[in-house]
A.B. asks: 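Once you've had a glance at the structure underneath, I'll fire off some questions.
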Amino acid sequence: MKIFFTAEYDPREIGPLEEMGEVIIDGWAKGLPNLEEEEMKAKTADADIIITTFDEITRGVIENAKNLKLIACTRATPVNVDMAAAKERNIPVLYTPGRNSDATAELTIGLMLSIARKIPMAHGALKAGLYTSEPDFEKKTKDGLKADVFWGVGEDAPYSVFKGVELKNKTLAIIGYGSIGKRVGKIARAFGMELLIYDPYVGEIDVEEIGVRKALTLKQAMEEADFVTCHLKVTPDTTGCISREMLACMKPTAYFINASRSAVVDEEALIDALRNRTIAGAALDVYAKEPIVRNHPFLCELDNVVVTPHIAGASQEVLTNHTKMIVGEVRRFLNGEHLLYRYQ
């Protein structure tokens, strides 16, 4: 059994896979770029199993791999696999749903805190030398007083410039209440936030409790929330659902968070909302074009947005999770058992 393996992985968890067959580590698994189609065809010609993350498993790759019996993709949606070609040969395709749910939920909360308390802005100012003192500066305490620790007062002092808002007692609208959305809600509740859930596929009885209620419409969620966070898959129904109209429903004091997919948001409308201060700010991990262009308004113009380079799922634990999931699935496949993470 030859297993061609290009996915990033946890080396502590791959041992059982090596007992199932000859594991050939290549590509991103070795820190190398994605393999081009011709490289993939040459290197998988006699492979029984292909395990990847981002390499494109095209029709050409699938048809050229005469012994291919299984394809595994360590992603929540294996968009880089030609599903029709795999189906024609009755080759199961595995995926790893939920592998990065905790990582994404935690980054979402981090983005919320960052924009609410202006943490990156304050950090950047200090790094740039603002609000700092000379090395020989020494503050003197007047007789009869105790030493005080502060950085100055006034509208130009950091205490004023970076004054933010707390999460406690704020309403968080969670748009999409799946694996990630539920985890975000659990953490947010620990901060003392009230939750407003919008998800047409979740009933009131499944979510409502003290401090948690369901919004009947997206418009209601956008209108009532102090923070809005998206956790949606891209479908015909969700594409562009956070529209100009929906953004206009938000409070001028509200913040928009997105660590899911940019396709659910009208990015130009969001830029206008931030530019015109019709919302207080945004914190984003995903963009209409990735990598984000260097002259994007998020980077060059707007001071009320926090941005990160699509790193919501970038944690060491994610590697552990999807390695365990795939290794377990390969074992079940070889034993003829029911597959838990079969995409098709």
Side-chain angles (χ1 to χ4, degrees), residues 104-118 164-189 191-202 207-208 211-235 237-288 298 302 304-308 312:
T104 303
E106 290 182 9
L107 185 85
T108 297
I109 297 296
L111 289 173
M112 288 173 58
L113 285 167
S114 293
I115 190 62
R117 297 302 303 275
K118 304 182 182 179
V165 298
E166 298 178 8
L167 303 190
K168 184 179 180 181
N169 294 329
K170 300 300 189 301
T171 297
L172 171 64
I174 302 177
I175 314 302
Y177 204 54
S179 175
I180 297 171
K182 289 176 181 176
R183 285 168 166 82
V184 169
K186 185 176 181 180
I187 301 170
R189 290 290 286 149
F191 277 89
M193 303 188 82
E194 293 189 356
L195 305 185
L196 184 59
I197 310 301
Y198 177 71
D199 189 325
Y201 301 98
V202 175
V207 302
E208 291 191 338
V212 185
R213 56 195 172 93
K214 183 179 179 184
L216 299 180
T217 64
L218 177 58
K219 184 174 184 287
Q220 178 194 354
M222 302 295 283
E223 287 176 337
E224 297 184 17
D226 300 300
F227 292 84
V228 175
T229 180
C230 285
H231 301 285
L232 298 168
K233 292 182 178 180
V234 178
T235 69
D237 289 334
T238 63
T239 298
C241 68
I242 308 299
S243 62
R244 187 174 297 274
E245 179 186 6
M246 289 296 105
L247 289 166
C249 294
M250 293 178 66
K251 301 175 184 178
T253 56
Y255 297 88
F256 179 76
I257 317 295
N258 189 16
S260 59
R261 288 291 182 265
S262 65
V264 305
V265 184
D266 182 336
E267 188 171 275
E268 287 301 317
L270 178 59
I271 291 170
D272 288 343
L274 293 166
R275 183 179 283 145
N276 298 324
R277 308 281 174 171
T278 57
I279 64 174
L284 311 165
D285 188 50
V286 290
Y287 313 94
F298 291 156
L302 301 169
N304 54 350
V305 61
V306 170
V307 291
T308 52

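What you see is a predicted model, and the numbers here were worked out from it, not measured in a lab.
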A.B. asks: Decide if atom CD of E166 counts as having more than 12 heavy atoms of other residues, nucleotides or ligands within a radius under 6.0 Å.
C.D. replies: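 It does not: E166 CD has 12 such atoms or fewer within range.
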A.B. asks: So which heavy atom on A221 is nearest to which on L196, and how close?
C.D. replies: CA-CD2, 3.6 Å
A.B. asks: Would you compute the distance between atom CD1 of I257 and atom CD1 of I175 and round it to the nearest 0.5 angstrom?
C.D. replies: 12.0 Å
A.B. asks: Return the set of residues passing side-chain hydrogen bond (donor to acceptor under 3.5 Å, both in side chains) with Q220 (not counting sequence neighbours), or none when no residue passes.
C.D. replies: E224
A.B. asks: Test your reading of the model: is there a side-chain donor-acceptor pair from K214 to the backbone of V202, 3.5 Å cut-off?
C.D. replies: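 Yes; judged by distance alone, with no hydrogens or angles, the pair exists.
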A.B. asks: Sequence neighbours left out, what passes ring-ring contact (aromatic ring centres under 6.0 Å, His included) with F256? Give chain and number order.
C.D. replies: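 For F256, no residue satisfies ring-ring contact (aromatic ring centres under 6.0 Å, His included) once neighbours in sequence are set aside.
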A.B. asks: I need the minimum non-hydrogen distance between A280 and N304, along with the two atoms involved.
C.D. replies: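 Reported closest heavy-atom pair: O-CB, 3.5 Å.
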A.B. asks: Restricting to side-chain contact (heavy atoms from CB on, under 4.5 Å), what partner residues turn up for T239, sequence neighbours left out?
C.D. replies: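 Scan of T239 (side-chain contact (heavy atoms from CB on, under 4.5 Å), adjacent residues dropped) gives V234.
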A.B. asks: Less than 4.0 angstrom from a charged side-chain N to a carboxylate O is my criterion; do E223 and K219 meet it?
C.D. replies: yes
A.B. asks: Under the criterion side-chain hydrogen bond (donor to acceptor under 3.5 Å, both in side chains), I'd like the reasoning laid out for D266 against S243: C-alpha separation, chi angles, the key distance, then a yes or no.
C.D. replies: CA-CA 5 Å; D266 182 336; S243 62; over 6 Å; no
A.B. asks: Which residues pass the side-chain hydrogen bond (donor to acceptor under 3.5 Å, both in side chains) test with E194, sequence neighbours left out?
C.D. replies: none
A.B. asks: Measuring only between side-chain heavy atoms, which start at C-beta, is I271 closer than 4.5 Å to V305?
C.D. replies: no
A.B. asks: Which residues satisfy the side-chain hydrogen bond (donor to acceptor under 3.5 Å, both in side chains) test with R183, sequence neighbours excluded?
C.D. replies: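 Checked R183 against side-chain hydrogen bond (donor to acceptor under 3.5 Å, both in side chains); matches are D102, S179.
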A.B. asks: Could you measure the distance from the CD1 atom of I242 to the CG atom of L247? Nearest 0.5 Å is fine.
C.D. replies: 7.0 Å
A.B. asks: Looking only at atom types and distance, does a side-chain atom of E267 sit under 3.5 Å from a main-chain N or O of Y287, one as donor and one as acceptor?
C.D. replies: no
A.B. asks: For the backbone of Y177 and the side chain of D199, can you confirm whether one donor and one acceptor N or O come within less than 3.5 Å of each other?
C.D. replies: yes
A.B. asks: To the nearest 0.5 Å, what is the distance between CD1 (I187) and CG (L172)?
C.D. replies: 11.0 Å
A.B. asks: Under the side-chain hydrogen bond (donor to acceptor under 3.5 Å, both in side chains) test, which residues partner R244, sequence neighbours left out?
C.D. replies: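 With sequence neighbours excluded, R244 shows a side-chain hydrogen bond (donor to acceptor under 3.5 Å, both in side chains) to D272, given in chain and number order.
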A.B. asks: Mind listing the closest non-hydrogen atom pair of A225 and A254 along with its distance?
C.D. replies: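 Scanning both residues completely, I find the closest heavy atoms to be O-CB, 3.6 Å.
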A.B. asks: So M193 and D226, side-chain contact (heavy atoms from CB on, under 4.5 Å) or not? Walk me through it.
C.D. replies: CA-CA 10 Å; M193 303 188 82; D226 300 300; over 6 Å; no
A.B. asks: Working to the nearest 0.5 angstrom, can you tell me the gap between I174 CD1 and T171 OG1?
C.D. replies: 11.0 Å
A.B. asks: So which heavy atom on A259 is nearest to which on T108, and how close?
C.D. replies: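 Looking at all heavy atoms of both residues, the shortest contact is CB-OG1, 3.7 Å.
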A.B. asks: Please report the shortest heavy-atom distance between L232 and G176, naming the atom on each side.
C.D. replies: CD2-CA, 3.7 Å
A.B. asks: Within the distance-only criterion (no hydrogens, no angle test), does the side chain of N258 pair as donor or acceptor with the backbone N or O of L284 below 3.5 angstrom?
C.D. replies: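 Here the side-chain-to-backbone pair does not exist.
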A.B. asks: How long is the straight-line distance from CG of L111 back to CD1 of I115, given to the nearest 0.5 Å?
C.D. replies: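 Those atoms lie 9.0 Å apart.
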A.B. asks: Just wondering, do F227 and K170 contact through their side chains at under 4.5 Å, heavy atoms?
C.D. replies: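 A side-chain contact under 4.5 Å exists here.
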A.B. asks: Do any N or O atoms from the side chain of S262 and from the backbone of V286 form a donor-acceptor pair under 3.5 angstrom?
C.D. replies: no
A.B. asks: Drop me the distance from I279's CD1 to Y255's OH, to the nearest 0.5 angstrom.
C.D. replies: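 These two atoms lie 10.0 Å from each other.
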A.B. asks: Begin with the C-alpha distance, continue with both residues' side-chain angles, and end with the deciding distance and a verdict on side-chain contact (heavy atoms from CB on, under 4.5 Å) for T238 and R261.
C.D. replies: CA-CA 10 Å; T238 63; R261 288 291 182 265; over 6 Å; no
